[in-house]
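Side-chain atoms are counted along with the backbone in the values below, which use heavy atoms only and exclude waters and symmetry mates. Throughout, protein chains are lettered first and strands after them, A, B, ... in sequence-line order, and every chain is numbered starting at 1.
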There are 2 protein chains.
Amino acid sequence: MLSLPSDPELDRLVVEIIGRVADKWTLLLIEILTERGDCRFGELSRACEGISQKMLTQTLRAMERDGLVTRTVYPVVPPKVVYALTDLGLGLSKAFCGVWEWAESNREAILRARAQHAQRQSQQDTPAG
Amino acid sequence: MLSLPSDPELDRLVVEIIGRVADKWTLLLIEILTERGDCRFGELSRACEGISQKMLTQTLRAMERDGLVTRTVYPVVPPKVVYALTDLGLGLSKAFCGVWEWAESNREAILRARAQHAQRQSQQDTPAG
DNA sequence: CAGCATCCATCTAGATACTG
DNA sequence: CAGTATCTAGATGGATGCTG
């Protein structure tokens, strides 16, 4: 038995870890690195359309800090920095497959639920309108 | 074929959905509701130790809006409101099992990676002591 | 090319007080 | 019991300008 199923403290730890890795850009970067393999900074920047350099750097540093990616600097001109998933990052990528597939399969159900909810809301707002 | 594996737009949609459902409190509430079954507001409040009423209400409303939980109000005194996972919510709960197990199994690896990273950082800060 | 430093708008989370 | 309303500190994220 690796862990008690209902240990509140463990739950909190796990939730914190998931909360840290489950943000928008981290997931997108993991997805991109899983699909493409190793990438340079600029390639990630283009693939993550809409991300700012600041967020890209920040997210990559956090991922590096948590051991999800490696950062390799080549001492050439112009500079070349390559990011690669570690085994830990690859494991996370696989672990997220289930959630990813769930989100793909159920995104319409969620959008439908939201639409219905919005309808009920507007009905409440104008009950006899 | 349900989806192209590398459709950037789909990726974004999925990432947004995951980003919305993968926050700290949502995960904790899903965990609690999965473990305990239907819960009243107060019970969730106590189980999610540290959460404020505001965040609890806010998170539950978002979950209700996205069709993850149902909210049933009993017209009694004192008020009684019961929250229950929907099939969608239950599916998400199951989908997250993989990530949950990954986080449990690798939390020490992550903490170790961070510790090593912190060491390397302090070595860089004091290169010649 | 691959960043870092800075400023600024916004969003968030929590504390507090009040209500049916 | 189960909320709502309000206020505020802090985190978040983007734009800009500069560097090796």
Please give me the minimum heavy-atom distance between [X] and [Y], naming the atom from each residue.
| X | Y | answer |
| --- | --- | --- |
| B:Arg36 | B:Ala47 | NH2-CB, 3.8 Å |
| B:Glu49 | A:Arg12 | O-NH1, 2.8 Å |
| B:Leu88 | B:Asp66 | CD2-O, 3.5 Å |
| A:Phe96 | A:Ala22 | CZ-CB, 3.9 Å |
| B:Val69 | B:Thr86 | C-CG2, 3.7 Å |
| B:Arg40 | B:Val82 | CG-CG2, 4.0 Å |

Exercise. Answer yes or no: does a side-chain N or O of B:Tyr83 lie under 4.0 Å from OP1 or OP2 of D:dG3?
Key: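 For B:Tyr83, the contact criterion (side-chain N or O under 4.0 Å from OP1 or OP2 of D:dG3) is met.
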
Measuring only between side-chain heavy atoms, which start at C-beta, is [X] closer than 4.5 Å to [Y]?
| X | Y | result |
| --- | --- | --- |
| A:Trp25 | A:Leu56 | no |
| A:Ile32 | A:Glu43 | no |
| B:Asp11 | A:Leu27 | no |

Quiz item: Where along residues 66-75 of chain B does a heavy atom come under 4.0 Å from DNA chain D, residue by residue in number order?
Solution: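 Nucleic-acid contacts, sorted: B:Arg71.
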
Quiz item: Looking at DNA chain D, which of residues 36-59 of chain A put a heavy atom within less than 4.0 Å of it?
Solution: A:Ser52, A:Lys54, A:Met55

Quiz prompt | Global bending angle along the helix from C:dC1-D:dG20 to C:dG20-D:dC1, which compares the axes of five pairs at either end, to 10 degrees | solution = 50°

Exercise. To the nearest 0.5 angstrom, please state how far the CG atom of A:Leu29 sits from the OH atom of A:Tyr83.
Key: 10.0 Å

Quiz prompt | Earlier contact from the 5' end, DNA chain D, for B:Pro78 and A:Asp23 | solution =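 Comparing both residues, the 5'-ward one is B:Pro78.
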
Practice problem: Would you mind telling me which residue lines up with the more 5' stretch of DNA chain C, B:Trp25 or A:Val82, judged by nearest nucleotide? | Solution: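 It is A:Val82, whose closest nucleotide lies nearer the 5' terminus.
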
